[in-house]
Amino acid sequence: MIFNERLRGLRKEKGWTQQETAEKLSIAYRNYQRLEADGNTPNFANLVQIADLFGVSMDYLAGRTHRREMDGGMGHRVILSVETEEDTAELEELLRGVISAALDAEGVDVPCEVDVLLTGNEGIHAINLEQRGVDAPTDVLSFPMFDLKPGDKPSAKDADPGSGLVPLGDMVLNLERICAQGEEYGHGPRREAAYLAVHSVLHLLGYDHMDDGPMKAQMREREEAILAMLGMGR
């Protein structure tokens, strides 16, 4: 397991024994030994403690990125599920960064959890039909957990007691549309994926674009502002 390998490597870099590391983490020696054993995974509290002790990001410990630096954000968690045999590692890393940055840009000041499904035309078509009664594929679907308005933010009282994270909602991204639209618009799949992720985050936070009035203009303005902040503006 990547977590176990990285924990062992970080401890050895410091020159600490298992006993010393357990003491620094204020956990039992036997429990620490289990953390280093292949196949064992930490709970959320342990992951936070270990990341803080070694000064690395939780995403690095979990094997979701090769970057060790902490991003300084709120510690949002993006859970990705993939329904494809393609290699999506780079895209997954991009989406984690974009989604966290979009939440921070909107002033979300509590750590949130967002569940993301990467699928294709067939998969998103089925979800669209089942959840919305629309018999067609689309590029992105968003399912907010809360009934927010633009400018509203989730609060700590909405957090799950077990994880300490606010379950903000789900998004579904269509990989086939990401590639096709990235080519069609001439900015490539990375920018298209980033745009759709930002678009979906704003939906989870209560933005909408059902008409051509002020709400749509407000949403478009925020999309472009966040993408520009990420260096992906037009």
Donor-acceptor pair, distance only, cut-off 3.5 Å: does the side chain of N40 make one with the backbone of L35? no
Rounded distance (nearest 0.5 Å) linking atom CG of L7 with atom NZ of K12: 10.5 Å
If you round to the nearest 0.5 Å, how far is OG1 of T119 from CG of L141? 10.0 Å
Would you call E93 and R96 a salt bridge, taking side-chain N to carboxylate O under 4.0 Å as the test? no
So does K14 pair up with E20, basic N to acidic O under 4.0 Å? no
Testing the basics here: between Y207 and G151, what is the closest heavy-atom pair and its distance to 0.1 Å? OH-N, 4.2 Å
Rounded to the nearest 0.5 Å, what separation is found between the CG atom of L165 and the CG atom of D158? 12.5 Å
Which residues share a side chain to side chain donor-acceptor pair (under 3.5 Å) with E13, sequence neighbours left out: R68
So which heavy atom on L94 is nearest to which on A193, and how close? CD2-CB, 4.4 Å
Table please: side-chain donor-acceptor pairs of residues 182-189 below 3.5 Å, with sequence neighbours left out.
residue: H187; atom: NE2; partner: E192; partner atom: OE1; Å: 2.8

Might you point out which heavy atoms bring I127 and F143 nearest each other, and give the distance in Å? CG2-CZ, 4.0 Å
For the CZ atom on R8, are there more than 12 heavy atoms of other groups (residues, nucleotides or ligands in this structure) within a distance under 6.0 Å? yes
